[in-house]
Amino acid sequence: MEQNGENHLKDPLLQADGGGSGASPAGASPRKERKTRKVMFNVRGISCASCAVSIETVVAGLKGVESVSVSPLQGQAVVQYRPEEADARTIKEAIEGLNFEVDELQEQEIAVCRLQIKGMACTSCSESVERALQMVPGVKKAAVGLALEEAKVHFDPNITSRDLIIEAIEDAGFGADLISSGDDVNKVHLKLEGVSSPEDIKLIQSRLESVEGVNNVECDTAGQTIIVAYDPDVTGPRLLIQCIQDAAQPPKYFNASLYSPPKQREAERHHEIRNYRNQFLWSCLFSVPVFMFSMVLPMISPFGDWLFYKVCNNMTIGMLLRWLLCSPVQFIIGWRFYVGAYHALKRGYSNMDVLVALGTNAAYFYSVYIVLKALTSESFEGQDFFETSAMLISFILLGKYLEVVAKGKTSDALSKLTELAPETACLLTLDKDGNAISETEISTQLLQRNDVIKIVPGEKVPVDGVVIKGQSHVNESMITGEARPIAKKPGDKVIGGTVNDNGCIIVKVTHVGSETALSQIVQLVEAAQLARAPVQKLADRISRFFVPTVVVAAFLTWLGWFVAGQFDIYPREWIPKAMDSFELALQFGISVLVVACPCALGLATPTAVMVATGKGASQGVLIKGGNALEKAHKVKAIIFDKTGTLTVGKPSVVQTKVFAKIPLLELCDLAAGAEANSEHPLSKAIVEYTKKLREQYGSHSDHMMESKDFEVHPGAGVSANVEGKLVLVGNKRLMQEFEVPISSEVEGHMSETEELARTCVLVAIDRTICGALSVSDPLKPEAGRAISYLSSMGISSIMVTGDNWATAKSIAKEVGIGTVFAEIDPVGKAEKIKDLQMKGLTVAMVGDGINDSPALAAADVGLAIGAGTDVAIEAADIVLMRSSLEDVITAIDLSRKTLSRIRLNYVWALGYNVLGMPVAAGVLFPFTGIRLPPWLAGACMAASSVSVVCSSLLLQLYKKPLHVEEVAAGPKNDPDLV
């Protein structure tokens with residue numbers, strides 16, 4: 001993997017989701033490309049040019065259509081239109097109105113948006129939102145995260161829009177706010193100054209839209225703010241502010257400053273916490289007196305005697321007060337449960353709100369019946385349950401309050417990552433010779449690509465960049481988990497959010513905004529937290545029939561106790577004073593309704609996954625979702641690549657041997673000329689050795705001999721035409737492919753080299769072996785301990801390499817690996833993995849992500865090691881930021897701990913329901929007299945959700961199982977950052 005170079009500095013580290021529209025005409029500005037969309041149809045039935053003309057005439061007459069072109073020969077129509085005035089469906093229907101058949105849209109544009117969902121309480125809610133989204137025409141994929149309270153939607157903007165998607169969620173009974181869309185990759189929020197009229201804002205908007213690289217401009221006239229989406233390759237925030245200043249005509253003066261909008265998610269979470277807290281306190285204001293008037297004062301004579309004074313007939317002051325105090329709790333504070341239950345039942349599913357609404361309504365309206373009966377009768381005596389309804393709602397609100405507070409803490413690790421970047425940076429202005437002529441402290445958000453910044457000791461690195469001057473050590477522990485400071489010199493990359501230790505360095509900015517490694521890590525972890533783990537399917541299956549089952553169980557409980565009471569099956573003394581058999585049965589039924597908790601089941605998996613992925617990210621282990629997390633805990637065999645994985649990945653030529661009459665420098669020059677175009681670590685070692693050899697011979701030129709017909713032979717080597725000679729550089733297999741004779745002298749030298757655990761690279765010129773280069777790649781210091789630890793975890797280690805058998809066996813023996821496969825090309829590695837999978841093993845592959853992509857993709861779990869800033873390794877399931885093998889153990893151990901925690905959560909949630917419902921149904925009552933009143937059952941239900949979230953939060957205490965202290969033998973060779 002590329003090491004700290006300046007190549008690909010402009011490549012985004014993480015490609016954005018979604019597709020884009022087709023290529024724009026030459027010279028078209030990005031702004032114009034954004035203002036229109038192009039759609040293509042297959043139209044059947046076009047028989048002549050007049051048909052094409054009729055289609056063009058009708059479509060061109062539609063509002064918002066800018067151009068239309070119909071090809072009678074290809075049977076295709078291409079339409080350019082303005083999306084705010086027209087859509088693809090309208091155009092399609094217009095063509096169909098002319099009696100032509102129109103096929104599905106081709107080359108569909110896929111857009112992505114992230115939404116915050118409000119009002120989800122359990123798995124049934126998240127499933128309902130997901131179903132509502134998937135029913136929207138044009139939505140291709142929707143993922144809803146219960147714990148994260150977010151949805152990520154992939155949709156076709158030609159068919160639907162973000163507004164329609166939000167509308168569908170709201171129709172399902174939930175709130176939705178847009179967090180981000182695909183256009184939000186690079187946006188800047190600016191506060192305008194000196195603007196006095198709407199015309200001024202329109203002038204600024206038109207000036208900004210004319211700037212090259214500006215994609216979209218949104219204005220808020222009332223708040224005098226402006227949001228600009230731009231291409232960081234072309235422009236930047238400072239240029240945009242300058243453009244606003246230049247737009248003013250004297251005597252007017254415009255200016256703009258950075259504006260940080262409130263963090264929507266945090267604001268919403270604080271609002272939700274505040275809302276639940278206030279509702280709980282208001283409910284207590286009414287519920288506590290109801291409880292006192294019902295359960296406490298009547299027991300204390302003479303203080304409670306006044307509650308029994310009759311107002312009218314048999315209705316007492318206590319009844320009237322309890323009714324008046326309970327009603328606001330039931331219908332004002334508890335209105336949220338009615339709304340939730342209505343929307344759930346309207347969509348054909350049931351959730352916790354249904355259970356609460358049923359339970360509290362049963363208690364409340366039965367109590368109202370008792371009051372009205374007492375009001376109209378002089379002889380009727382009955383007991384109301386107003387305290388049951390009021391206390392039940394209060395305890396559930398307390399539980400929800402504690403739950404949202406705890407859920408907020410599950411994303412603490414991610415929040416800490418987002419806060420790592422410093423607020424300001426020191427920008428340098430350079431003269432033509434590259435000397436600094438001024439320093440300016442500016443906001444980090446104003447930095448642009450190719451800016452030059454100064455970072456003094458103790459300061460944080462603001463954005464990603466490359467050191468161009470100075471030397472220092474940088475502490476990257478907060479990003480990669482690497483405890484030791486990493487040496488940095490000119491040409492090395494630095495990551496935003498890390499801390500400069502002991503030297504002043506000058507850095508050229510390479511990535512800003514959402515392209516920085518820090519932003520990518522946050523995006524990757526957020527995507528992982530949205531992905532649903534397979535183990536979650538258990539909760540999904542249970543949630544479909546959970547609430548209906550509970551309702552049936554509650555009805556049967558009431559019916560059983562009521563019938564038993566009517567027919568005197570149990571003794572009359574079992575019935576508490578002031579109750580009859582109907583009321584006792586009703587209390588048991590309500591307790592069963594409210595004790596069952598589907599919320600705890602729904603939170604068991606996503607909260608644990610959220611905490612684990614956040615904790616992993618803080619330690620340099622990026623897990624791409626619950627699926628990878630779940631698979632990793634099943635791993636029984638790990639396949640290791642050799643170069644760069646078990647070894648340091650910095651091979652060097654340690655010995656040379658010439659077999660023909662050719663100067664050593666010429667041999668190496670020819671070999672380096674052939675290898676110059678290869679990215680393989682061995683190739684780089686040969687090129688480096690050649691450069692050093694030239695210096696020894698007095699030549700300081702870095703220019704390599706030109707090569708033609710360069711070809712890579714996977715697992716064998718390279719071939720090229722250098723200076724008119726066929727040069728082969730590789731192993732024995734390459735020589736055999738080209739039918740190059742191998743003498744006994746060469747064979748003997750190869751054996752000697754390989755016994756020393758070195759790789760013998762043969763160099764043949766015009767099909768004659770002229771020399772050999774012995775390349776050594778030292779083992780990583782932690783390799784032996786890591787393999788031993790994996791063995792203690794019950795995981796077998798296997799080495800698969802393209803190197804020769806002798807070297808492979810020697811390395812394997814040194815680290816303690818028993819099974820070795822050598823001389824295997826990248827495709828062969830994938831086949832070996834499939835062979836092991838056929839034996840029923842769950843296989844992980846650890847590779848450096850260069851030539852290991854097929855194997856990483858084929859494995860059940862792909863671990864890309866030593867990713868550094870390049871966190872967007874598509875083939876891997878788990879990305880390890882460092883090159884240390886101890887992180888392989890961390891990844892698997894964290895997955896095991898997480899799955900263990902999820903199982904514990906399920907045991908708690910399921911066990912709670914399995915034990916709680918029988919107790920609530922009165923199973924223990926005949927034997928012990930223990931009865932679970934409805935208000936206490938509601939408290940238990942609230943406690944179950946809180947306990948599951950707190951159980952997941954214990955993963956925050958996770959510690960790495962293996963720590964290997966490296967004893968440096970000299971200057972540190974930094975393989976940790978790519």
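One-based numbering along the sequence shown.
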All side chain to side chain contact (heavy atoms under 4.5 Å, CB included) counterparts of [X], not counting sequence neighbours:
| X | result |
| --- | --- |
| S707 | N677, A720, V722 |
| A812 | M799, I817, V820 |
| V654 | S652, R758, S774, S776 |
| E823 | R733, N804, W805 |

Could you grab the distance from atom [atom1] of [X] to atom [atom2] of [Y], nearest 0.5 Å is fine?
| X | Y | atom1 | atom2 | value |
| --- | --- | --- | --- | --- |
| I798 | F821 | CD1 | CZ | 6.0 Å |
| T605 | I902 | OG1 | CD1 | 4.5 Å |
| I811 | L646 | CD1 | CG | 8.0 Å |
| K636 | L836 | NZ | CG | 14.5 Å |
| L841 | I795 | CG | CD1 | 11.5 Å |
| L629 | I878 | CG | CD1 | 7.5 Å |

Would you say the side-chain atoms of [X] pair up with the backbone N or O of [Y], donor to acceptor, closer than 3.5 Å?
| X | Y | answer |
| --- | --- | --- |
| D156 | G138 | no |
| T549 | F545 | yes |
| S895 | I892 | yes |
| E782 | L885 | yes |
| K615 | Q956 | yes |
| D777 | T647 | no |
| Q837 | A858 | yes |
| K780 | S883 | yes |
| T613 | M610 | yes |

Partner residues of [X] under the side chain to side chain donor-acceptor pair (under 3.5 Å) criterion, sequence neighbours left out:
| X | answer |
| --- | --- |
| T759 | D803 |
| D835 | none |
| S719 | H713 |
| T898 | none |

Looking only at non-hydrogen atoms, find the nearest pair between [X] and [Y] and report the distance.
| X | Y | value |
| --- | --- | --- |
| A772 | H749 | CB-CD2, 3.8 Å |
| C113 | F155 | SG-CE2, 3.8 Å |
| A764 | M735 | CB-SD, 3.7 Å |
| Y958 | T890 | OH-O, 3.4 Å |
| A608 | L955 | O-CD1, 3.7 Å |
| E675 | S683 | OE1-OG, 2.6 Å |

### Message
Looking at M793, I want to see if its CE is surrounded by more than 12 non-hydrogen atoms of other residues, nucleotides or ligands under 6.0 Å.
### Response
yes

## Note on the structure
Residues passing the salt bridge (Lys or Arg N to Asp or Glu O under 4.0 Å) test with E711, sequence neighbours excluded, are none

### Message
For residues 808-819, which residue pairs pass the side chain to side chain donor-acceptor pair (under 3.5 Å) check, not counting sequence neighbours?
### Response
none

### Query
Can you find a heavy atom in the side chain of L953 that is under 4.5 Å from one in the side chain of S951?
no

### Task
Could you pull out all residues at least two apart from H633 that satisfy ring-ring contact (aromatic ring centres under 6.0 Å, His included)?
none

### Task
If a pair satisfies salt bridge (Lys or Arg N to Asp or Glu O under 4.0 Å) and one of its residues is in residues 893-909, list it, with sequence neighbours excluded.
D893-K897

### Message
Pair R882, D887 - check salt bridge (charged side-chain N to carboxylate O under 4.0 Å, His left out), show working.
### Response
CA-CA 8 Å; R882 301 189 301 151; D887 286 350; 3.0 Å; yes

### Query
When you check the side-chain N and O atoms of S952 and N905, is any donor under 3.5 Å from an acceptor?
yes

### Message
One thing to verify: whether E739 and R767 come together as a salt bridge, which I'm taking to mean a side-chain N less than 4.0 angstrom from a carboxylate O.
### Response
no

